[in-house]
There are 2 protein chains.
Amino acid sequence: MKTSRPLVERLIIEANRLTRIAALATGTTTPAAIWRTLSILSTDGSMRVGDLARASRVTQPTMTKLVQSLAEDDLILRIADVEDSRAWLIAATPKGVAALDAWRVELGEALQPMFADLSPAETETLEKAMVILESRTALATRIAQTARTRKVA
Amino acid sequence: MKTSRPLVERLIIEANRLTRIAALATGTTTPAAIWRTLSILSTDGSMRVGDLARASRVTQPTMTKLVQSLAEDDLILRIADVEDSRAWLIAATPKGVAALDAWRVELGEALQPMFADLSPAETETLEKAMVILESRTALATRIAQTARTRKVA
DNA sequence: CTAGCTATATAGTTTTGCTATATACTTTTG
DNA sequence: CAAAAGTATATAGCAAAACTATATAGCTAG
């Protein structure tokens with residue numbers, strides 16, 4: 001283990017580990033692609049199939065099929081885009097948001113034992129760190145979204 | 001967005017988001033399974049195919065095939081287990097560790113802009129939070145490993 | 001209005017990962 | 001200690017997922 005690893009690098013390593021440990025701790029077999037898609041819609045709002053595919057790092061045909069399957073389960077819905085009738089806006093339904101939320105609760109509970117014995121000072125440090133992280137990731141997704149080649153009105 | 005979400009839950013949500021954003025920012029097409037496997041071996045040391053499969057959340061035959069392909073690229077090597085000649089110990093090679101490290105550097109650099117303007121106080125908060133996180137995830141993987149049904153000598 | 005461009009859908013193929021099972025070795029038991 | 005039962009990995013065959021290529025429909029520029 002390098003001692004001189006930059007902070008941001010340590011951050012992404014721990015993020016990957018936490019993600020892996022949490023998935024391991026819950027017994028769910030639901031494909032990660034479903035949660036990833038619902039997470040993106042939940043944080044970034046409704047968007048087109050193509051944008052969703054890019055954000056989720058799959059090809060557009062793959063996302064089209066995933067969206068079809070999610071729509072069948074009423075987890076998302078497809079709204080006609082008034083500005084461009086070729087496109088659809090994909091939005092999470094209340095049921096979809098609830099399913100995502102339940103999964104997050106499950107993940108949180110699975111990780112809980114690891115953090116059960118945090119001291120008040122440690123809890124405060126993590127709370128502060130979360131506020132910082134949350135502000136940065138919120139910014140990042142906005143950048144990613146505008147990266148789409150979009151006509152300026 | 002819930003305001004009353006528990007700390008641990010916010011943590012896993014941000015971990016997922018960071019993982020997603022970082023993957024998006026780099027253009028790599030290398031399957032995630034490869035990095036996941038190398039990460040596990042790197043942090044938890046050499047282990048058997050079966051344990052590696054469980055840790056990586058794939059079936060044993062899938063891991064057998066992945067291990068074969070990684071061995072062909074000299075990213076891992078298979079050591080005979082002296083205690084049980086049915087089993088192999090899988091270990092990351094120096095080349096494997098280097099590849100993992102390069103990928104982590106790339107992820108870190110991709111996220112760098114998001115964190116370029118941290119104040120000294122914010123940096124310190126994140127540094128402290130990382131120390132806490134690193135100690136907890138280190139603990140967690142040890143627990144997962146002993147969870148294997150292992151004969152006591 | 002036509003030519004070219006863009007958004008999503010479909011078809012067909014490749015890849016990935018699964019279940020079932022075989023093989024080799026270890027452990028338990030009578 | 002030999003036979004039976006159990007465990008670790010490997011292989012075979014199949015199912016699911018995701019890709020490339022392309023079709024279809026709608027938009028936009030000249």
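Predicted model only: the values in this text are computed from it and were never measured. Below, read A as the first sequence line, B as the second, and so on, with proteins coming before strands; counting in each chain starts at 1.
Taking CG from Leu107(A) and CD from Gln112(A), the interatomic distance works out to 12.5 Å, rounded to the nearest 0.5 Å. Rounding to the nearest 0.5 angstrom, the gap separating the CG atom in Asp44(A) from the CZ atom in Arg17(B) is 6.5 Å.
Both Val58(A) and Val49(B) sit near DNA chain D, but only Val49(B) has its closest nucleotide nearer the 5' end. Positionally, the nearest nucleotide of DNA chain C for Pro61(A) lies more toward the 5' end than for the other of Pro61(A) and Thr62(B). Closest-nucleotide positions on DNA chain D for Thr59(A) and Val67(B) were compared, and the one nearer the 5' end corresponds to Val67(B).
The base of dA8(D) is not paired with the side chain of Gln60(B) by any donor and acceptor separated by under 3.5 Å.
Arg5(B) places no side-chain N or O within donor-acceptor distance of the main-chain N or O of Arg10(B), the cut-off being under 3.5 Å. Not a single donor-acceptor pair under 3.5 Å links the side chain of Ser56(B) to the backbone N or O of Ala53(B).
Regarding contacts with the backbone of dT11(D), a side-chain N or O of Gln68(B) is found under 4.0 angstrom from either OP1 or OP2. Remark: Thr64(A) is not in phosphate contact with dT8(C), judged by side-chain N or O atoms under 4.0 Å from OP1 or OP2.
Regarding Arg36(B), its CZ atom lies at a distance of 13 Å from the P atom of dT16(C), rounded to whole Å. Atom C1' of nucleotide dA10(D) and atom CG of Leu66(B) are separated by 15 Å, given to the nearest angstrom. As a whole-Å value, the separation of Arg57(B) CZ from dG17(C) P is 13 Å. Atom pair Lys65(A):NZ and dA16(D):C1' shows a separation of 9 Å (rounding to whole Å applied).
Under the 4.0 Å criterion applied to side-chain N and carboxylate O atoms, Arg54(B) and Asp51(B) are assigned as salt-bridge partners.
Under a 4.5 Å side-chain heavy-atom cut-off, the cluster of Ile, Leu, Val, Met, Phe, Trp and Tyr residues that includes Val131(A) has no other member.
Distance from the side chain of Arg48(B) is smallest for dT9(D) among the nucleotides dA7(C), dC18(C), dT9(D).
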What pairs of donor and acceptor atoms, side-chain ones from residues 69-82 of chain B against any protein atom, are under 3.5 angstrom apart with sequence neighbours left out?
unit_1   : atom_1 : unit_2   : atom_2 : d
Asp81(B) : OD1    : Glu83(B) : N      : 2.9
Asp81(B) : OD2    : Arg48(B) : NE     : 3.2
Asp81(B) : OD2    : Arg48(B) : NH2    : 3.0

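Near-neighbour residues of DNA chain C inside residues 70-92 of chain B, defined by a heavy atom below 4.0 Å, number-ordered: Asp84(B), Ser85(B), Arg86(B).
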